[in-house]
2 protein chains.
Amino acid sequence: MAYDKENFRNVTIKDVAKRAEVSIATVSRILNGKDRVSPLLAERVLLATKELQYQPNDVARALKIKESRSIGLIIPDIENPFFPALVRGVQDAAKIHNYAVILCNTDGKTEEEKKYIQFLYSKRVDGIAFTESVDNKKNIALLDSLGIPVVLLDRRVEGMKASGVSTDNRLGAFMATKHLIERGKRRIAFISGLPKLSSGAERASGYQDALLSYNIQYDKKLAFIGAFTYESGYAAVENLLLSRYQFDAIFASNDIMAIGAIECLNQYGIRVPEDVAVVGFDDIRLATWYKPLLTTIRQPVYEMGQYAIKLLVEHITGERSSPHEKIFVPELMIRQSSGGLEESK
Amino acid sequence: MAYDKENFRNVTIKDVAKRAEVSIATVSRILNGKDRVSPLLAERVLLATKELQYQPNDVARALKIKESRSIGLIIPDIENPFFPALVRGVQDAAKIHNYAVILCNTDGKTEEEKKYIQFLYSKRVDGIAFTESVDNKKNIALLDSLGIPVVLLDRRVEGMKASGVSTDNRLGAFMATKHLIERGKRRIAFISGLPKLSSGAERASGYQDALLSYNIQYDKKLAFIGAFTYESGYAAVENLLLSRYQFDAIFASNDIMAIGAIECLNQYGIRVPEDVAVVGFDDIRLATWYKPLLTTIRQPVYEMGQYAIKLLVEHITGERSSPHEKIFVPELMIRQSSGGLEESK
DNA sequence: GTTATCCTTGTAAACGTTTACTTAACCTTT
DNA sequence: AAAGGTTAAGTAAACGTTTACAAGGATAAC
């Protein structure tokens, strides 16, 4: 057998104690550096750990001190270009605090979320960072009932006891729409995200606010419900085109839908930005590689991930007791798809 | 305090035992379903677990049975577009077998790799899936010495005792180069990946093999050393252009470098594919969103991730004892950047 | 009706730590 | 020099499971 467990007898704190001729309590104390301990013994113990190549067993430790030093990260799908930066932010921050992060992809399915929550609870993670899907209440309640610290990513839930980090979606959508209006557009189509998600709903209202403040009538026929996917962006535009309803711009609730939209426009021989200006949301990396370069609203995704863990750790340690809502401010990235920086008409 | 541990007294197997009026051994047996047990007690116990909302403590279990049901996944960077699909494949496969996956980003730094290996060992993961960076020998040896089952992703290391999964890089590079040759190209520049990586080296030799088999002289001046990054692709082409050396095609060792290369060509007013044909490697999602659509060599990245875990689990369970090398076969995806499907000159 | 066999359940030890409590040695202080 | 105080080290219990072993009851065999 290639990996014969017998060959690799785990060296435990007992072995170290024996070799250094002290008690296991002393070894533990020296290794954790909490209590005072004589330098002489410390040296002997440290030597023994080197000689035996002792590596503490974190699972025993976790059992005893009821702290696994691991956190769960629940997201819909790492293959969605929005998430890698978020995950990286989470992981980098976790590393600093010495937490392991357990990654879970749910595809936005409530049932999967529930399974993973229970799974993570079995593993006794110290906290969970959660980018939730649609049907919020139930799983949030579950989390509450388990008493695990939670921070919500990119979502907001009414009356939730947990902390959250997000971007000001409403403001972002407002900025995007305003940008289009200022470039002379008046018939601005809107592709929403999942309206059940706070991010989706907020972006929709930002869009409407902007129209309102420029005295442009909100037109239902220009509003489409998307699902944050390429396909839904494409489909929305196709429907719009088929309806033969006039429009001169599109604001899509995320970049992938914006790209789907542009692809569809191109397919029908409509030029971006000459015929129709397009703005997205998120500023994923692809936005600067896609042609035309995508004008979009930047969310500081990496920082959001980092901040989420900062918050989570504060809750875990008890340093912070009451929930906190961190809202990042979005930034308009003007690029080609909205006509770039040149003057309008 | 928001998360008062006292309020959420963990219910243990003892509580269940008491409630069901049986011994803890019986509870354990019923829950694990190994030994025979009377239906009557089973029912009582199951009822008690429901009533108390008992969730087994996996860390205690892990300590006892020396099996944490978690695996480590070490990659350079989840933000590199190559990895999300791989990670997803790994995670989906792990889910099936009920393993938690702990994600680690090393940025390809040997030192970070080492730290994470030790970290994961402390957590007593049951196995590690490892996409290694440059300086292989040392960390591989470390893994060997720890006796943890390992499977190597997308890399091959001589004389390694671990299993590995990869794509036939040499064949892929051969196919890419051949494709360009068959489209009439003769002066094909090559941007390598990190030559210290097996994938880098193998692609280089595939390129050379193809030239050879078409009797085209290998020309050092057309070969550039890249680092699998956008910037290195861009820089390579810029150098090539500055050298004023003639070329009519580029084969880049991955898609991001190919895109960097095309961006640079565009910057200098050179059209792709009209003036220069470009082929990449990997077939990341971006390859079909980028303009021009990127001709590339597809690696079945998701499947590779899945297969790696399949292998890893087999090693963990002892089902498979000797290392196995799984090599996927690449596929040529003909798109616009090489001139598409139209006949060549 | 006694003995043997089987099967279900219980008792208790173990996994590798941390830590409350005890002990003993060494300082102070008077 | 005795009493008290401080400190470093050791002993043993505990964290929540699994499981070897023991025990007892029922069934089968004679």
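A, B, ... follow the sequence lines: proteins, then strands. Residue 1 opens every chain. Basis for what follows: all heavy atoms, side chains included, without hydrogens, waters or symmetry-related copies.
The local environment of CD in A:Glu325 is crowded, with over 12 non-hydrogen atoms from other residues, nucleotides or ligands closer than 6.0 Å.
Across its full length, the helix from C:dG1-D:dC30 to C:dT30-D:dA1 shows an angle of 50° between the axes of its 5 terminal pairs at either end, rounded to 10 degrees.
A donor-acceptor contact under 3.5 Å is not formed by the side chain of B:Arg124 with the base of C:dG16.
The residue B:Thr26 sits close only to the backbone: its heavy atoms come under 4.0 Å of sugar-phosphate atoms, none of a base. Nucleic acid contact for B:Leu41: sugar-phosphate only, since backbone atoms but no base atoms lie under 4.0 Å from a heavy atom of the residue. Backbone-only contact: A:Asn32 has heavy atoms under 4.0 Å from sugar-phosphate atoms and none from a base. Using a 4.0 Å heavy-atom criterion, one finds that B:Ser38 contacts the sugar-phosphate atoms exclusively. Here A:Val59 lies out of heavy-atom contact (under 4.0 Å) with every strand.
Judged by closest nucleotide on DNA chain D, B:Asn57 is the one of B:Asn57 and B:Arg29 placed further toward the 5' end. Map B:Glu21 and A:Arg61 each onto its nearest nucleotide of DNA chain C; the residue landing nearer the 5' end is B:Glu21.
One can place CZ of B:Arg44 at 16 Å from P of C:dT8, the figure rounded to the nearest angstrom. Distance, A:Asp58 CG to C:dT18 C1': 13 Å, rounded to whole Å. Nucleotide C:dA14 holds its P atom 8 Å from the NZ atom of A:Lys14, rounded to whole Å. The CD1 atom of A:Ile65 sits 12 Å away from the P atom of C:dT17 (whole-angstrom rounding). The CZ atom of A:Arg36 sits 14 Å away from the C1' atom of D:dA9 (whole-angstrom rounding). Nucleotide C:dC15 holds its P atom 9 Å from the CG atom of B:Leu63, rounded to whole Å. Protein atom CD1 of A:Ile13 is 14 Å distant from nucleotide atom P of C:dC15, rounded to whole Å. The interatomic distance linking A:Ile24 (CD1) with D:dA13 (P) rounds to 12 Å, in whole Å.
Residue B:Ser28 has a polar side-chain atom (N or O) positioned under 4.0 Å from OP1 or OP2 of D:dT18. Contact annotation: A:Thr12 does not reach the phosphate of C:dG16 (side-chain N/O to OP1 or OP2, under 4.0 Å).
When only modelled atom types and interatomic distance are considered, A:Asp92 and A:Tyr302 share a side-chain donor-acceptor pair under 3.5 Å.
Between B:Ile71 and B:Ile316 the shortest side-chain heavy-atom distance falls below 4.5 Å. With contacts defined as side-chain heavy-atom distances shorter than 4.5 Å, the pair A:Arg61/A:Pro56 does not qualify.
When each of D:dT19, C:dT18, D:dG16 is scored by its nearest atom to the side-chain atoms of A:Lys66, the top-ranked nucleotide is D:dG16. For B:Lys64, counting side-chain heavy atoms from C-beta on, the closest listed nucleotide (D:dA14, C:dA14, C:dG10) is C:dA14.
Annotation: cation-pi geometry not satisfied between B:Lys123 and B:Tyr121 (NZ/CZ under 6.0 angstrom from ring centroid, within 45° of ring axis). The cationic group of B:Lys115 does not satisfy the cation-pi geometry with B:Phe119, failing either the under 6.0 Å distance to the six-membered ring centre or the 45° limit from the ring axis.
Heavy-atom minimum distance, A:Ser166 versus A:Asp154: CB-CA, 4.1 Å.
Rounding to the nearest 0.5 Å places CD of A:Gln91 at 8.5 Å from CD1 of B:Ile75.
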